[in-house]
There are 2 protein chains.
Amino acid sequence: MESGGVPDVVVLRLPLYVRALSQLLAAGCEVVSSQKLGGLLQVTPAQIRKDLSYFGRFGKQGRGYNVRFLRDELKQILGLDRKWHACLVGMGFLGQAIVNYPGFAPEGFDIVAAFDSDAEMVGTTVQGLTVQPMGELDALVRGGSISVGVVAVPAAQAQEVIDKLVDAGVHGILNYAPVAPQVPTSVVIRNIDPVLSLQSMTFYLLKEAERASGR
Amino acid sequence: MESGGVPDVVVLRLPLYVRALSQLLAAGCEVVSSQKLGGLLQVTPAQIRKDLSYFGRFGKQGRGYNVRFLRDELKQILGLDRKWHACLVGMGFLGQAIVNYPGFAPEGFDIVAAFDSDAEMVGTTVQGLTVQPMGELDALVRGGSISVGVVAVPAAQAQEVIDKLVDAGVHGILNYAPVAPQVPTSVVIRNIDPVLSLQSMTFYLLKEAERASGR
DNA sequence: TAATGTGAAAACCTTCACAGCT
DNA sequence: AGCTGTGAAGGTTTTCACATTA
């Protein structure tokens, strides 16, 4: 994917920069060079400068970047200077863990509604969120300001749920189900799949083991 | 990264192929073409053929691939034809969700030990796992067959925990903490970070919103 | 002096297109 | 006839290296 002349890989790295800059700021650091920032993130200085150059000129030659300024610019570019409303579908173990995860809200991501197809689950309250029946999804998303759907249902139901979310007008999906979902090109999807991560990791663990014993 | 002439991106896609092939098999499909497999995964047929060609010749011209055979070959290449032992560090909300997640064991990933620095937590049992004090980590990993460490501690402690795991001899790390960890090149690390995923997503949501209203 | 911003070069990855096999 | 396997072409991403500026 590629948007407005900016390569996708670049957009994927920007949040990393934002986080590192926030840390630097918290540590009282006001100016940073691409070299130093790269050291923190294991990224080459040239790559950082090139990435930033897609969006403007944020540094001062001979000095580096003002940490707060660069951080705020990047947050604005990414749309992180405002709140985003999300709904969660699937309030099983995983869904509950997601709702309880304290990392979303401080970054401006608020889960404002939750749905489940299980009648047992509907009506219960988790972290101040009352679980609603799936039938309510369309009206709530269509009517409101919800732009992101978080999918935490079993694999077998995932595609169906994703279709519902897309129909209701969600433009972004964070999918925790272990499937390869199909979405229209206008919808942005991100998959969280720890098993896939492990399954590509083991390839290298095998090589490592070979090196350690034979070879 | 690049290992044995095989590009990293290729290794990242192989587990996707394995999963799709398993699904096909479950659906009773015995033969598949790169075209059909690509359709399921939103990958071009040429890419699938090229990816596979790094490891051998698995298909039959004019017919396609035997689903079971290709699946088993790929599992072997990735090291998924055996069990992998992992330990979990951090038994907070997130750690408990990870231990309860039913997706790891069926794929051969067994969490066989758990550690926490909180004295309150130590000694409790979650899903048949008794939480042990951090002091035990080194001996247990060093002595045993644990090759993967799963990190589910707060950001502030993550690097320290990762260092301990690496020192103890773990070769792979699945990190859920929102940090950019530093590890030796011999250690493979995968980060699970839903907030970063959302933060790159919003860039495109912004563009989408612009398109929808003004331009 | 010290570090940015950026064209050009190099490396890398994907797609094409077709020979060759079943 | 149909589909794989693969060199070659095309495209994208990273790195280099240096003019430029504070």
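Computed from heavy atoms alone, side chains included, the values below leave out hydrogens, waters and symmetry copies. Chain letters run A, B, ... following the sequence lines, proteins first, then strands; residues in each count from 1.
- One finds no side-chain N or O of B/Tyr65 lying less than 4.0 angstrom from the OP1 or OP2 phosphate oxygen of D/dG2.
- The only option from A/Leu16, A/Leu80, A/Val18, A/Asp51 that meets the side-chain contact (heavy atoms from CB on, under 4.5 Å) definition with A/Leu74 turns out to be A/Val18.
- We find that CZ of B/Phe58 is positioned 18 Å from C1' of C/dC21, with the value rounded to whole Å.
- Nearest-nucleotide mapping onto DNA chain D: of B/Gly64 and B/Ala46, the residue sitting toward the 5' end is B/Gly64.
- With hydrogens and angles left out, the side chain of A/Arg57 and the base of C/dG5 share no donor-acceptor pair within 3.5 Å.
- B/Arg49 has no side-chain polar atom (N or O) that falls below the 4.0 Å cut-off from OP1 or OP2 of D/dG5.
- Here the C1' atom of nucleotide C/dT15 and the CD1 atom of B/Ile48 are 13 Å apart, to the nearest Å.
- Computed from coordinates, the A/Leu12 CG to D/dT14 P distance equals 10 Å when rounded to whole Å.
- The minimum heavy-atom distance linking B/Ala177 with B/Val153 is given by the pair CB-O, 3.5 Å.
- Between A/Lys60 atom NZ and C/dA3 atom C1' there is a gap of 13 Å when expressed in whole angstrom units.
- Taking only side-chain atoms of A/Ser33, from C-beta outward, the nucleotide of C/dA3, C/dG5, D/dT4 with the closest atom is C/dA3.
- Note: CG (B/Leu52) to P (D/dT4) measures 9 Å, nearest angstrom.
- Among D/dT4, D/dT6, D/dT14, the nucleotide with an atom closest to any side-chain atom of B/Ser53 is D/dT6.
- At a threshold of 4.5 Å between non-hydrogen side-chain atoms, the residues A/Arg19 and B/Gln199 do not count as touching.
- Rounded to whole Å, atom P of D/dT4 lies 12 Å from atom NZ of B/Lys36.
- For B/Lys50, taking side-chain heavy atoms from C-beta onward, the closest of the listed nucleotides D/dA8, D/dG2, D/dC18 is D/dA8.
- Shown here are the side-chain hydrogen bond (donor to acceptor under 3.5 Å, both in side chains) partners of B/Asn100, two or more places apart in sequence or in another chain: B/Gln127.
- Put simply, the side chain of A/Gln61 and the base of D/dT20 share a donor and an acceptor less than 3.5 Å apart.
- The nucleotide whose nearest atom lies closest to any side-chain atom of A/Thr44 is, among D/dT13, D/dT4, D/dT15, D/dT15.
- The side chain of B/Arg13 approaches C/dT14 more closely than any other nucleotide in the set C/dT14, D/dC16, C/dG7.
- For the 3.5 Å distance criterion, the side chains of B/His171 and B/Ser147 fail to qualify, holding no donor opposite an acceptor.
- The distance from atom CG of B/Asp51 to atom C1' of C/dC12 is 14 Å, rounded to the nearest whole Å.
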